[in-house]
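What follows is a short report on a single structure.
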Amino acid sequence: MKSFLPASLQPPSANNFQQPDAAVLIFYGLVFAASLGLALTDANTPQATIAGYPAMSFWLSCCFVLYGAMTIAAYALVFRHWRN
Amino acid sequence: MNTAIVCLVSIYLAGMLILGLRAQSVGRSTAEDYFLADRSVSWFHLGLTFFATWFSTLAFLGVAGFHYTKGVNWYFAQGTFWLLAPIAAWIFGRRIWALGKVRSYLTPGDLLADSYNSAFVRFLTGMICVFALIPYTLVQLVGIGKVFEASTSGVISYSLGVCLTAIATAFYTVIGGVRAIIWTDIVQGLLFLGVTLIAVFVAAGAAGGLHAGFAAAQAAHPELFVIDLNNIGKPLTTILIWTPGFVLLPHLWQRNYMAKSEEAFTKSIVVFSLLSLVLLLATMLIGVSGMSIVSSLSDSDKLIPAIFGSYAPLLLPLLVLATFAAGMSTVDSQLLTSSSVITGDVLRALGIRIHPDNERILGRIIVVVLIAALTFLALLPESQGAIFTLASKGTAIAFLLLLPLLIALRGEHCSSVTGISVLLSGIAALAALELGLVKVSLPFGFGTPISAFLVQLAVYQSTKLLNIRSQRSVNSQAFRREAEPQGIAAS
């Protein structure tokens, strides 16, 4: 997998490093786009609720927990690489 | 109640002073040890000092208040930049660490001056760092003063709270340097995280539970649960300047130099990410619960004190202690970094040579002078504005370093002319916009830091077109190789 980052921002020389770095950035980008995209949906109306909670707060909470989970998963990949 | 607050604060201060004295006995008498703990900080210590330094009174008081007044628009911005900040550290922080290790950098100005081979770049970077830190440090003192006054119904005044914080912080920072700061950060970080979680239970309990709290908040303020697309640029500006702010704010930049290894640095970011997520959700729950149980506040920074005052008055001493901890954990780092920037960058760029043996002593003197000046500023009525607004000014100034850092890490077109023109154009643009000398309105409400960044980008492209190069560009390959953290680990 070729990194889309400019040369100087590419991860360290080992090729294995490029995959987690690029994957992390793509996934973060997708979650960010999804959280922003929610603002264009019916969730972004004053009375919209999900399970009794305001819809935008509900969805954003889901997005942010996903962000956190991705961070841990991404670093777990890197640690596995180091151990190997 | 006030007796309890005074007793708890006294015990806490005594503990901080003991840690400072202990740190003094451990460290070596070099500037590198005083400012960077000999670049030997473990992942656990680094993770917690990142956490305690990044989350200040701003996080403890300001952001909960912002959830309360701006609702989901703020939640979107805060959640995104808090959780993207580790990515900024992952991409830039590791490279800053690697370069710092190889080239013995102490300050942000060391890296940029070396990259652009220019003493004037060092001076400009130093001045940007100092000006970025002044408003940011100021808000910590202001926040603590406000809580003291609100929690004790004015018995301990704003002024007394500010002075007490300044004296205590200066004492352990002066004697123990960054080791004292890291040790106290661990205690302070865990303390204010614990009290924030307690505040969630207090607020949600008062609102009749999370579900009932959300329902009541939505019924009372439906407009706060809708993202305002017409002004989407405002939260996006917050995200754009605060995400790289995790690396660019000088006291956090300097922390990148402290890790003992690349692995320690990365693990510290995991610790930071986990704690961030907990604090994000906690402050959101406090803010939303507050919408239904606290009627309109003129100063949103006083939301948490108001909740404790009405629903858990017995816990008020803990709140004062946590605010103290949150503020001090940031003030100490900012003081020490300002001191290192003034001795290492500003004075050096002005041609004032300081003997290495005297750097530590001079650093201590500057810490004392700075805290005295900041205390004076904090006591002025003009400084007592909303916490987040003041801190954002500092972050906007630090944002001027983003493009110069990107160019330096790329290692291309790093001439002194490029560095100076990019920095000067950014300073001029931001100053003109902030002072109202020039009026520019970007679409969707994007803020002045973005306009200043665009000006810097245009100037950089112009210097590229003029093909202004220097010896530094010729050596760019070597510089870039050294910016690879793996290379350090291998050696």
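Just so it is clear, the structure is predicted and the values come from calculations on it, not from any experiment. To find a chain, count down the sequence lines: A is the first, B the second, and so on, and within it residues start at 1.
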- Is chain A contacted by the side chain of L210(B), its backbone, both, or neither, given a heavy-atom distance below 4.5 Å? both
- Task: Could you look at L229(B) and say if it's the side chain, the backbone, both or neither that has a heavy atom under 4.5 Å from chain A?
- Result: side chain
- Which atoms of T45(A) come close to chain B, meaning under 4.5 Å heavy atom to heavy atom: side chain ones, backbone ones, both, or neither?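 For T45(A), backbone heavy atoms alone lie under 4.5 Å from chain B.
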- Just by distance, with hydrogens left out, do Y75(B) and S61(A) show a side-chain donor and acceptor under 3.5 Å apart? yes
- Looking just at side-chain N and O atoms, do S273(B) and S276(B) make a donor-acceptor pair shorter than 3.5 Å? no
- Winner by heavy-atom pair count (cut-off under 4.5 Å) against chain B, out of A51(A), G68(A), A39(A): A39(A)
- With chain B, which of T49(A), L36(A), L38(A) has the greatest number of heavy-atom pairs at distances under 4.5 Å?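 Option with the greatest count: L36(A).
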- Row check, W97(B) ring normal vs R95(B) NZ/CZ: under 6.0 Å, within 45°: no
- Applying side chain to side chain contact (heavy atoms under 4.5 Å, CB included), run through V278(B) and L197(B) and close with a yes or a no. CA-CA 9 Å; V278(B) 173; L197(B) 294 177; 3.9 Å; yes
- Message: Any side-chain to backbone donor/acceptor pair from N44(A) onto I227(B)? Under 3.5 Å, distance only.
- Response: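 Yes, because the side chain of N44(A) sits within donor-acceptor range (under 3.5 Å) of the backbone of I227(B).
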